[in-house]
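Small disclaimer: the values here were computed from a predicted structure and weren't measured.
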Amino acid sequence: MIPFVDLKTQYASIKAEVNAAIQGVLDSCQFTLGSEVSAFETEFAAHCQAAHGIGVNSGTSALHLALLAAGIGPGDEVITVPFTFMATVSAVDYARATPVFVDIDPRSFTMDVTAIEAAITGRTKAIVPVHLYGQPADMDPILELARRHGLVVIEDAAQAHGAEYKGRRVGSIGDLGCFSFYPGKNLGAYGEGGMVVTNNSGHARTIRMLRDWGAEKKYDHVLKGYNYRLESLQAAVLRVKLRHLDRWTEGRRAAADRYDRSLAGSGIPTPECMPYARHVYHIYAVRNSERQRWQETLLAQGIQTGIHYPFPVHLLPAFADLGYSAGDFPHSESAAAEVLSLPMFAELSVEQTDAIADALRDLASVRAASRSWARTA
Ligand SMILES: *Cc1c(COP(=O)(O)O)cnc(C)c1O
C-alpha cells in the first residue's frame, strides 16, 4: 500500500528529538504560549523572512485574526478564489465581511490576476490570494492592484511553507501571511496550530492581543479577543520539525520532478510550475475527466490518492447564501471535477513514484487505446 501521506515514516525518522521536546514541555508544565511558543514564533518568522510571527491554534484562526487586524469587518468585501479549502472563505465570514470570488488561472490553480480589477468595488478592502498546492500566486500584479486601490493583501500560505515568489518567501510578501500546521501540511503539528507572519509591528501587536482574549496584560482586556492560543506541546514539536523542513521540501520537489519526468509524453496533464515560483508541492495533482475510475483503479492497486477539492467553495451548500451558481467560475469548476492528488511526502521513494507513474500511464494508454479502437470501429 502506498499511502497518500505517510506521517509514520516521518515520525520514525525524528522520534528521539520529538520525544525529548515533548518531555521538556511536560517537565516545564508550561502548556500554552510560553518560551516554546515564542521561540517557535521567532524561528518560523525568520524562515518566512518576516519580522514578526504570532502563533495561534489553527490556520483558520490565523486568517480570522489577520483579517481583523487589517480592520476588515461588516460591509467590507474581500476578494479571494473559490478553488480553495473552505477555511479561506469561512475566515472572511467569521470577520462578518463578504467574500467576493474571482476565478483561478487553470495553469497555476491560483488566482487569475487579470480577473481581479473587475471584482473591485467601493467596498473592497482586501485581497486574499491562496498559494494553492504549495505554488505561490502571482503576487506582483496583486500587490500593484492593491497599492492602486488601497487594499490589504493577506496571503493564505496554509499549503506553502517555504515556497518562494521571485526568490522571496511567501507569507512576508503581502501585508500579512497565514500558515496552518494541521498534521498533513508541509510543516505539521501533532495536533492543531497556525501562525500569522507580518512585517507590520502594529498588526503583530493587535494579533498577539486578539489570540489571547484581547488582553494587553493579564485581565486588562482592551479588545474583544478570542482563545486562539498555540499550545506549547505543538510549538515544541514544530520547532523540531522546522529544523528538517528544508530537507523535506527538497524531498517533495524531487518526488514531483520524478513524477513530471515519468509522466511526460503520457498525455496526462501534470502540474505546471510557473516561472516565478519555487513550488513546495503540498499537493501534486494530475487532471483527468474520468477521475473517479482512475482513483478506484489506483486504490485497487494499493495506491491512495486524494481530491483537493471536489467542490469549488461557491457551489458548496454552506455558502449558498453568497448567491453564486454553476458556471460562474468555469476554471474552478472544471479543476474541481478533474483534479486527482497523487501520494506526496518527503520520504516517497523512487520505487513508489515509479510504480504510481506506471499505473497512471497504463490508465492513460487504456483510454487512448479504447479511443483509437472507437475511431476504427
Ligand atoms: C489547511 C488550510 C486552511 C486552514 O487551516 P487549519 O489549520 O486547518 O485551520 C486554510 N486555507 C488553506 C488553503 C488550507 O489548506
Side-chain angles (χ1 to χ4, degrees), residues 1-7 9-10 83-85 104-110 130-137 157-164 170 180 182-188 245-292 294-295 297-299 301-310 331-332 334-364:
M1 174 65 75
I2 306 177
F4 176 64
V5 281
D6 187 351
L7 298 179
T9 300
Q10 190 193 62
F83 192 55
T84 181
F85 181 58
I104 55 163
D105 176 335
R107 289 170 306 160
S108 63
F109 294 115
T110 61
V130 180
H131 304 315
L132 199 78
Y133 297 168
Q135 167 147 266
Q159 302 187 357
H161 317 69
E164 289 174 12
V170 300
S180 164
Y182 181 78
K185 298 287 161 80
N186 288 24
L187 179 61
L245 179 61
D246 291 344
R247 184 167 53 79
W248 289 335
T249 299
E250 287 314 318
R252 287 176 178 274
R253 287 169 50 82
D257 192 51
R258 294 198 301 275
Y259 278 143
D260 284 347
R261 280 186 281 122
S262 321
L263 294 173
S266 66
I268 300 170
T270 53
E272 205 168 321
C273 184
M274 305 309 282
Y276 48 72
R278 183 175 186 273
H279 199 317
V280 296
Y281 294 100
H282 174 58
I283 299 285
Y284 186 101
V286 295
R287 292 181 71 138
N288 191 268
S289 55
E290 292 174 71
R291 171 180 69 195
Q292 194 185 337
W294 281 29
Q295 187 167 37
T297 309
L298 291 170
L299 189 60
Q301 296 173 47
I303 300 165
Q304 263 181 7
T305 54
I307 298 173
H308 304 86
Y309 297 90
H331 294 306
S332 295
S334 65
E338 293 180 357
V339 288
L340 181 66
S341 313
L342 305 186
M344 177 48 76
F345 46 91
E347 299 80 6
L348 205 56
S349 69
V350 174
E351 292 70 32
Q352 288 173 319
T353 48
D354 282 353
I356 296 160
D358 285 348
L360 280 165
R361 292 189 77 101
D362 284 347
L363 278 165

Does R287 form a side-chain contact (heavy atoms from CB on, under 4.5 Å) with S334? I'd like the steps, not just the answer. CA-CA 10 Å; R287 292 181 71 138; S334 65; 3.4 Å; yes
Among side-chain atoms of Q295 and T305, is any donor-acceptor pair under 3.5 angstrom?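 Result is yes, a qualifying pair exists.
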Is the closest side-chain donor-acceptor distance between N186 and H282 under 3.5 Å?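 Side chains of N186 and H282: pair found under 3.5 Å.
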Ring-plane angle category for Y309 and F83, please: parallel below 30°, perpendicular beyond 60°, tilted otherwise.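 Aromatic pair Y309/F83 classed perpendicular.
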Is there side-chain contact between [X] and [Y], with at least one heavy-atom pair below 4.5 Å?
X    : Y    : result
T297 : W294 : no
L363 : N288 : no
F109 : S332 : no
I307 : R291 : yes
Q304 : V5   : no
H131 : Q159 : no
T110 : I104 : no
L360 : L298 : yes

For [X] and [Y], work out which heavy atoms get closest and say how close.
X    : Y    : answer
I303 : A355 : CD1-O, 4.3 Å
Y284 : M344 : CB-CE, 3.8 Å
S180 : H161 : O-NE2, 2.8 Å
A285 : V339 : CB-CB, 4.3 Å
P136 : Y276 : O-CE1, 3.5 Å
H279 : Y133 : CE1-O, 3.1 Å

Yes or no on side-chain contact (heavy atoms from CB on, under 4.5 Å) for E272 and S108, after CA distance, side-chain angles and deciding distance? CA-CA 6 Å; E272 205 168 321; S108 63; over 6 Å; no
Backbone of V170 reached by a side-chain donor or acceptor of E164 within 3.5 Å: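 Side chain of E164 to backbone of V170: no pair is present.
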Output yes when a side-chain donor or acceptor of R258 lies under 3.5 Å from a complementary backbone atom of T353, and no otherwise.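 Checked: no pair found.
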Step-by-step salt bridge (charged side-chain N to carboxylate O under 4.0 Å, His left out) determination, D257 to R253: CA-CA 6 Å; D257 192 51; R253 287 169 50 82; over 6 Å; no
For the OH atom on Y182, are there more than 12 heavy atoms of other groups (residues, nucleotides or ligands in this structure) within a distance under 6.0 Å?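 Counting neighbours around OH of Y182, 12 or fewer heavy atoms of other residues, nucleotides or ligands fall under 6.0 Å, so no.
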Other residues, nucleotides, ligands: >12 heavy atoms within 6.0 Å of E250 CD: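 Atom CD in E250 is packed in, count exceeds 12.
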side-chain contact (heavy atoms from CB on, under 4.5 Å) with S262: which of V350, D354, D358, T270?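 The option that passes is D354.
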Between H308 and F4, does the ring centroid distance fall short of 6.0 Å?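 Yes, ring centres under 6.0 Å apart.
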Would T9 and E347 satisfy side-chain hydrogen bond (donor to acceptor under 3.5 Å, both in side chains), going step by step from the backbone distance to the final call? CA-CA 7 Å; T9 300; E347 299 80 6; over 6 Å; no
Please test W248 against Q10 for side-chain contact (heavy atoms from CB on, under 4.5 Å), starting from the C-alpha separation and ending with a verdict. CA-CA 9 Å; W248 289 335; Q10 190 193 62; 3.4 Å; yes
